[in-house]
Amino acid sequence: MGLLKISGGTIYDPINGLDGVVGDVWIRDGRVIEPPRDPGIVPDRVLDARGLVVMPGGIDIHAHIAGPKVNAARKMRPEDHRQAPPVVRGRWHRSGAGGSVPSTFATGYLYAGLGYTTAFDAAVPPLGARHAHEEFHDTPVIDKGFFVLMGNNHYVLQQIARGEYNRLRDFAAWLLGAAKGYAIKLVNPGGVEAWKAVRAGNVTRLDDPVPAFGVTPRQIVQQLARVTMDLQLPHPVHIHCNNLGLPGNWRTTLETMQALAGLRAHLTHIQFHSYGGSLVDLAGGPQAPEAREPFCSRVAELADFVNTHPEITVDVGQVLFGETTSMTGDGPLGYYLHRITGRKWFNADTELEEGCAIVPITYRPSSSIHALQWAIGLEWFLLVKNPWQICMSTDHPNGGAFLAYPQIVHLLMDRDYRRACLAKVHAKVKERCLLADLEREYSLFEIAIITRAAPARILGLKDKGHLGPGASGDVTVYSPSADRTAMFSFPRYVIKAGEIMLDNGEPVTELFGRTLYVQPQFDEAALKDIRRWFEEYYTIQFANYPVDERYLDAGGRRPPA
Ligand SMILES: [Zn+2]
């Protein structure tokens with residue numbers, strides 16, 4: 001701790017309007033402060049950043065890094081760990097497993113190694129909250145939080161079916177606080193419950209009724225979007241739309257955006273939801289013979305909607321070529337992937353709450369489908385005009401591991417590199433999307449927006465994603481290079497809460513970040529019915545369900561001496 005001065009760097013801080021301005025960043029006791037006016041004030045430590053690029057620490061708005069599903073994937077894929085070099089870091093010289101689903105310990109250091117200091121797990125069933133927090137306790141460096149799955153929760157569906165909006169709102173508030181989660185997440189709203197209720201079931205249209213409840217995905221989206229507004233949650237409802245990955249799903253995505261009717265929402269891994277082609281159901285047959293078209297991009301239509309609706313934000317879920325692990329709360333999707341790839345498959349249903357599925361996947365540049373998925377992600381980055389509406393993500397590890405972020409930066413900043421990559425993938429890509437015609441190149445300022453400032457703003461994290469006074473002292477210092485992959489893969493310094501964590505890739509201190517969560521207010525009278533519900537249907541006692549604050553107390557934890 002103490003007083004740190006990062007001196008003479010070239011600063012990219014979009015929230016404060018700094019686009020490559022040479023200056024100093026001062027951090028006292030973990031927070032950025034105004035540069036002292038008194039020249040007699042001497043910092044405890046000075047980092048010479050002359051000629052280097054200074055940005056706030058990176059923020060991952062959507063990844064899968066903790067909880068029962070991630071851990072199941074680790075157990076399911078020993079071959080994935082064996083292929084990857086072990087991650088050995090820190091004074092402990094403790095080893096972690098790498099690969100597409102790194103162990104907790106490795107996850108923290110691998111993020112820090114890229115200059116990322118905050119990450120959110122996007123899909124935790126409330127019953128798995130304790131497990132996710134325990135994994136967070138063992139994930140060093142980064143601040144982290146998770147989103148709570150609600151789009152298939154029986155109590156939620158029941159309140160929507162009965163028109164009990166206030167009870168729905170109070171339950172959502174209570175559930176967020178009970179899980180110590182950060183935001184409301186919908187995964188294939190209604191579809192996972194249909195999968196659990198009916199053999200190979202799903203919902204495929206926004207007005208399909210969910211078995212036994214009769215509510216529709218449209219109602220679930222609309223009601224929970226309204227709940228996030230009424231509870232004044234920092235992050236709007238985080239939506240994984242219906243029909244992920246299916247040809248023709250762009251219509252569902254567009255209808256979902258339209259259904260929001262002006263309410264704020266974040267649509268996640270939008271790449272996976274932007275496909276033209278004949279819509280298939282999970283049994284494999286085309287549903288709309290009148291609309292037969294080959295698998296293709298429909299980003300242009302969807303990006304047009306985003307470009308005219310500032311209340312909608314997205315992250316991309318970029319696909320990168322290679323071996324990875326798909327893991328999702330979308331049970332029927334996992335089954336579909338298993339059927340079309342023939343790879344091993346894991347499914348779990350979480351009582352009254354959610355489901356999940358895991359299937360290994362290999363994205364190949366020689367596959368026209370995979371190459372189009374890669375191109376469609378890049379189209380999103382290049383067609384959304386306002387970078388404040390879009391965040392970098394791979395939906396780690398679904399489109400690829402977060403370790404690919406430097407490569408995505410390179411693809412966005414360097415048109416020639418992008419063209420060279422496009423020339424190596426399946427030739428059909430050029431016919432079925434616009435990527436070959438897109439000239440745009442991102443600037444460092446725009447990269448700082450989509451990896452830091454925009455995710456901070458969309459998540460409602462006021463002290464993150466910038467370097468103004470009061471910001472958390474999370475800073476990444478890069479050595480500039482025309483080879484953007486190299487530049488962003490290996491920061492010169494990574495500073496977390498004012499402490500130098502990594503110096504030239506070498507860890508110089510050990511620390512653990514905070515867990516970020518919300519505790520919204522609700523009407524206590526709602527607890528009576530929630531308690532009754534637990535006593536009637538749950539395998540866990542109501543009193544034992546909520547995670548209490550002592551469980552989170554990993555902030556600032558240090559290794560045993
Ligand atoms: Zn995801």
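In listed order, ligands and their atoms are each counted from 1. Note that the structure is predicted; figures quoted are calculated from it, not measured. Below, each value reflects all heavy atoms present in this structure, side chains not excepted, and no hydrogens, waters or symmetry copies.
At a threshold of 2.8 Å, the Zn ion (ligand 1) has a backbone or side-chain N, O or S atom of His62 nearer than that distance. Not one N, O or S atom of His240 sits under 2.8 Å from the Zn ion (ligand 1).
Closest N/O/S atom of Asp395 to the Zn ion (ligand 1): OD1. The name of the N, O or S atom in His64 nearest to the Zn ion (ligand 1) is NE2.
Classification of the His338-Tyr335 ring pair by plane angle, with boundaries at 30° and 60°, yields tilted. Aromatic ring orientation, His238 versus His62: parallel (interplanar angle below 30°, classes split at 30° and 60°).
Here His273 and His240 bring their ring centres to under 6.0 angstrom of each other.
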Pair Thr325-Ser100, side-chain hydrogen bond (donor to acceptor under 3.5 Å, both in side chains): steps then yes or no: CA-CA 6 Å; Thr325 307; Ser100 61; 2.7 Å; yes
